[in-house]
Number of protein chains: 2
Amino acid sequence: MTRDPVPDPTGDELLAVLAALGNPHRLRIVAALSEGGRNYVSRLARELRIGRPLLHMHLQRLEAAGLVTGTLELSEGGKAMKYYEVTPFSFALTPDLVAKAARTITDQEKETVKESAE
Amino acid sequence: MTRDPVPDPTGDELLAVLAALGNPHRLRIVAALSEGGRNYVSRLARELRIGRPLLHMHLQRLEAAGLVTGTLELSEGGKAMKYYEVTPFSFALTPDLVAKAARTITDQEKETVKESAE
DNA sequence: GAGATGTGTCAGTTTTCTTTGACAGGTGTT
DNA sequence: AACACCTGTCAAAGAAAACTGACACATCTC
């Protein structure tokens with residue numbers, strides 16, 4: 001019953017995850033999706049009592065960090081519904097992991113260009 | 001060789017930790033202290049190539065989250081030196097932990113009064 | 001058609017975080 | 001005394017995040 005060893009995250013990855021989770025709303029969002037299972041935006045917004053645009057933004061950040069996944073589905077009626085669910089993740093957050101990850105932090109962090117160019 | 005089970009952090013604690021580590025500088029600071037051992041502010045600032053006031057601020061945040069500890073010591077000469085070192089920490093960052101922690105988040109988060117009053 | 005539900009985005013405000021330069025104080029050495 | 005090092009704090013500027021209201025567009029139901 002031992003899991004495959006999870007590869008250490010890069011500095012940027014870890015940073016994205018930590019920054020994404022380091023926010024009350026986003027922490028609650030992950031919790032809600034984790035406990036209640038997949039859910040669609042409008043409903044989740046009601047349950048968490050926050051505005052949709054705001055939730056939308058937070059979900060983007062979480063998805064960018066790889067913590068949740070969104071899928072646009074069509075209900076029987078043909079109504080568009082965007083379902084989100086948590087991506088199983090697991091990090092052993094210790095000084096050691098931090099030390100390792102810190103070695104691979106790219107200063108820029110911005111510039112979506114880089115990858116395509118180079 | 002099994003460790004004592006670490007108690008689950010409260011929502012606020014976890015939040016503080018994640019928010020504290022979700023920053024490039026602070027991640028590097030923890031890494032530096034973890035690898036190089038204890039160090040004092042001015043030296044650490046030089047090594048990380050950031051200004052002292054800035055480092056000072058980041059160290060505060062890390063200390064507030066319980067990730068590092070500062071000790072003001074007097075060198076033989078009587079010179080004041082503030083040494084910082086990492087506090088050993090370990091969190092199994094998973095959707096489950098997040099779900100548990102989310103239940104105990106205090107909305108306010110501000111107001112240092114609360115504790116004294118009540 | 002009107003009203004309820006779902007999707008998404010945008011612009012602008014507000015708030016928070018980050019960063020810097022300047023200042024004040026201390027000790028020890030040349 | 002002048003210099004190099006240590007500590008700390010503050011205010012102001014700059015940048016990034018968070019938040020809100022309004023809009024546009026779909027589908028289903030009454």
Side-chain angles (χ1 to χ4, degrees), chain A residues 12 15-30 38-65 67-84 105 107-112, chain B residues 12 15-30 38-65 68-85 105 107-112:
Chain A
D12 295 333
L15 213 41
V17 168
L18 294 172
L21 290 178
N23 171 287
H25 279 160
R26 290 195 288 268
L27 208 60
R28 282 207 191 84
I29 293 171
V30 172
R38 65 206 307 273
N39 202 351
Y40 63 92
V41 186
S42 286
R43 194 145 90 90
L44 189 54
R46 281 194 295 271
E47 294 178 1
L48 295 178
R49 306 172 146 284
I50 68 179
R52 268 188 325 103
L54 184 54
L55 175 59
H56 188 269
M57 185 237 124
H58 284 311
L59 283 171
Q60 299 249 71
R61 256 175 110 50
L62 286 171
E63 187 165 30
L67 298 174
V68 304
T69 317
T71 326
L72 186 60
E73 302 179 8
L74 297 183
S75 65
E76 320 84 47
K79 214 169 190 172
M81 316 274 284
K82 186 137 196 186
Y83 278 89
Y84 275 93
I105 296 182
D107 284 331
Q108 302 82 307
E109 195 66 81
K110 324 182 174 185
E111 315 180 62
T112 320
Chain B
D12 294 332
L15 212 41
V17 168
L18 294 173
L21 290 178
N23 172 286
H25 280 159
R26 291 195 287 268
L27 209 61
R28 283 209 191 82
I29 292 170
V30 171
R38 64 208 307 275
N39 201 351
Y40 63 92
V41 186
S42 286
R43 193 144 91 89
L44 188 55
R46 281 193 296 270
E47 294 178 0
L48 295 178
R49 304 170 149 286
I50 67 179
R52 269 190 319 103
L54 184 54
L55 175 59
H56 187 269
M57 184 239 124
H58 284 311
L59 283 172
Q60 299 248 73
R61 256 174 111 47
L62 287 171
E63 186 165 32
V68 303
T69 317
T71 327
L72 186 60
E73 302 179 9
L74 297 183
S75 65
E76 320 86 44
K79 212 169 192 171
M81 316 275 282
K82 185 137 195 184
Y83 278 90
Y84 276 93
E85 60 191 319
I105 297 181
D107 285 331
Q108 301 83 307
E109 195 65 86
K110 325 182 171 183
E111 316 179 61
T112 320

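By convention in this document, chain letters (A, B, ...) are assigned in the order of the sequence lines, proteins followed by strands, and residues within each chain are numbered from 1. Since we're looking at a predicted model, the values are computed, not measured.
- Regarding Leu55(A), its CG atom lies at a distance of 16 Å from the P atom of dG21(D), rounded to whole Å.
- Rounded to a whole Å, the NE2 atom of His25(B) is 9 Å from the C1' atom of dT18(C).
- Among dT19(C), dC5(D), dG8(C), the nucleotide with an atom closest to any side-chain atom of Lys79(B) is dC5(D).
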Going through the checks in order, is the salt bridge (Lys or Arg N to Asp or Glu O under 4.0 Å) test met by Asp107(A) and Arg28(B)? CA-CA 11 Å; Asp107(A) 284 331; Arg28(B) 283 209 191 82; 2.8 Å; yes

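- A salt bridge between Arg38(A) and Glu73(A) is present, with a side-chain N of the basic residue lying under 4.0 Å from a carboxylate O of the acidic one.
- Rounded to a whole Å, the CE atom of Met57(A) is 13 Å from the C1' atom of dT15(C).
- Across residues 43-54 of chain A, Arg46(A), Arg52(A), Pro53(A) each have a non-hydrogen atom less than 4.0 Å from an atom of DNA chain C (numbered order).
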Less than 3.5 Å apart, which donor and acceptor atoms pair up between the side chains of residues 52-61 of chain A and the rest of the protein, not counting sequence neighbours?
residue, atom, partner, partner atom, Å
His58(A), ND1, Arg26(A), NH1, 3.0

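- Looking at Lys82(A), its side chain has no donor and acceptor atom pair within 3.5 Å of the base of dT7(C).
- Between Gln60(B) atom CD and dT19(C) atom P the separation is 15 Å, expressed in whole Å.
- Among dC17(C), dC19(D), dG8(D), the nucleotide with an atom closest to any side-chain atom of Arg61(B) is dC17(C).
- With rounding to whole Å, Asn39(B) atom CG is found 10 Å from dC6(D) atom P.
- Taking for each of His58(A) and Val41(B) the nucleotide of DNA chain D with the nearest heavy atom, the 5'-most of the two is the partner of Val41(B).
- What separates CE of Met81(A) from P of dT7(C) is a distance of 6 Å, to the nearest Å.
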